[in-house]
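See below for the structure under consideration.
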2 protein chains.
Amino acid sequence: MLKKRNVMTIGTLAKTAGVGVETVRYYQRRGLMSEPEKPYGGIRHYDEQALARLHFIRASQWLGFSLDEIGELLTLQDGAHCDEARELGEQKLTSVRRKISRLQQIERALNELVQKCSSGHGDVYCPLMASLNDGVEDATTDKHKVR
Amino acid sequence: MLKKRNVMTIGTLAKTAGVGVETVRYYQRRGLMSEPEKPYGGIRHYDEQALARLHFIRASQWLGFSLDEIGELLTLQDGAHCDEARELGEQKLTSVRRKISRLQQIERALNELVQKCSSGHGDVYCPLMASLNDGVEDATTDKHKVR
DNA sequence: CTTAGACCCGTACCTCACTACGGAAGCAAT
DNA sequence: ATTGCTTCCGTAGTGAGGTACGGGTCTAAG
């Protein structure tokens with residue numbers, strides 16, 4: 001027998017997890033959470049499993065997983081699919097590392113431009129603007145799509 | 001007298017700059033580029049200034065500026081507004097640095113999880129999943145919105 | 001008993017940077 | 001002259017992750 005402790009409405013659930021009511025409903029529509037049966041003509045209630053699910057989703061999002069990916073992770077939860085989960089984690093790790101190094105490139109370029117602007121110059125001439133006009137790409141010649 | 005050299009159609013312009021025709025037209029609608037007058041019933045033509053503008057936009061985007069911000073940068077181009085430009089650059093630099101350190105946090109957490117999964121364990125238990133269930137936040141206790 | 005505040009539900013709207021669609025008209029080569 | 005690629009122009013759709021609205025129903029407090 002399951003004890004039903006800490007029964008909550010959607011509003012309490014949402015507040016407890018630190019998300020909006022609409023967000024919970026959105027996750028339900030996305031299939032990331034189930035909608036509990038509603039008692040005849042009444043109000044649905046949520047338990048700690050639902051709360052745990054929300055925590056799982058937010059933790060995964062924090063790590064950079066998209067909602068689609070989170071859906072995938074969730075299918076791995078019921079079973080001993082640790083290898084698959086690790087695989088997903090490794091892929092995400094790779095993509096995070098790529099993002100970091102791209103941002104570090106940007107950081108170097110931007111820092112250089114700002115430095116050049118700070119050290120006095122002709123006043124009718126702005127090194128930052130000049131670089132933007134010529135196309136920046138200082139650090140690495142790296143053809144790519146911006147998106 | 002202005003020599004009109006390298007006169008291009010929108011298609012040639014776009015291809016030269018490495019963007020789509022629709023993208024150029026989109027930038028015009030956004031007010032980032034002007035639309036040249038069109039000769040009676042004919043086809044508009046674009047010169048090197050238009051190309052330079054496109055380069056400017058793409059270089060700025062590469063540095064992480066949004067199209068709105070680029071619009072702002074462009075208003076600073078005609079004049080000696082180097083200080084304002086530098087200010088914008090510094091703000092962007094700050095935000096880039098914030099993104100980097102957030103991603104580095106994620107990298108540490110994710111790496112740790114993946115490592116734990118790789119070193120053998122009970123097989124009916126997945127450290128990665130367990131952490132997601134409990135809410136990750138290893139590295140820093142840092143309340144924040146995911147978006 | 002009335003009223004305030006949640007909840008239920010579907011639908012529409014938001015941001016950002018594009019991308020696609022469709023019909024008319026122009027231009028270049030065959 | 002015909003084919004076939006561009007251009008022109010407005011409008012609409014995409015994806016991600018929600019947020020907002022509005023009308024109806026429930027529940028708890030006074």
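Per chain, numbering begins at 1; letters A, B, ... match sequence-line order.
- Taking atom OH of residue Y26(A) and atom P of nucleotide dT19(D), one finds them 10 Å apart after rounding to whole Å.
- Side-chain atoms of K92(A) come within 3.5 Å of backbone N or O of G64(A) as a donor-acceptor pair.
- Rounding to whole angstrom units, CZ of residue F65(A) and C1' of dA16(D) are separated by 17 Å.
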I'd like a table of atom pairs between the protein and nucleotides 20-26 of chain D - only N or O on both sides, under 3.5 Å - with the distance next to each one.
{"residue": "dC26(D)", "atom": "OP1", "partner": "G41(A)", "partner atom": "O", "Å": "3.2"}
{"residue": "dC26(D)", "atom": "O5'", "partner": "G41(A)", "partner atom": "O", "Å": "3.4"}

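- Shown are Q28(B), E22(B), R30(B); of these, the side chain to side chain donor-acceptor pair (under 3.5 Å) with Y26(B) is made only by R30(B).
- Under a 3.5 Å cut-off, the side chain of N111(A) and the backbone N or O of V114(A) do not form any donor-acceptor pair.
- As a whole-Å value, the separation of L13(B) CG from dT7(D) C1' is 13 Å.
- Although no hydrogens or angles enter the test, the distance criterion places no donor-acceptor pair under 3.5 Å between the side chain of R97(B) and the main chain of E107(A).
- Among the heavy atoms of the strands lying under 4.0 Å from E35(A) are primed sugar atoms or P, OP1, OP2 only; no base atom is included.
- A donor-acceptor contact closer than 3.5 angstrom links the side chains of Q61(B) and R58(B).
- Distance NZ (K38(B)) to C1' (dC27(C)): 14 Å, rounded to an integer number of Å.
- For the pair Y27(A) OH and dA16(D) P, the computed distance is 14 Å after rounding to whole Å.
- In this structure, R44(A) reaches the sugar-phosphate backbone alone: every heavy-atom distance under 4.0 Å involves primed, P, OP1 or OP2 atoms, never a base.
- Positionally, the nearest nucleotide of DNA chain C for D68(B) lies more toward the 5' end than for the other of G20(B) and D68(B).
- Toward the 5′ end of DNA chain D lies the nearest nucleotide of G11(B), the other residue of the pair G11(B) and T23(A) mapping further downstream.
- Between R108(A) and E112(A) no salt bridge is recorded (no basic side-chain N to carboxylate O distance below 4.0 Å).
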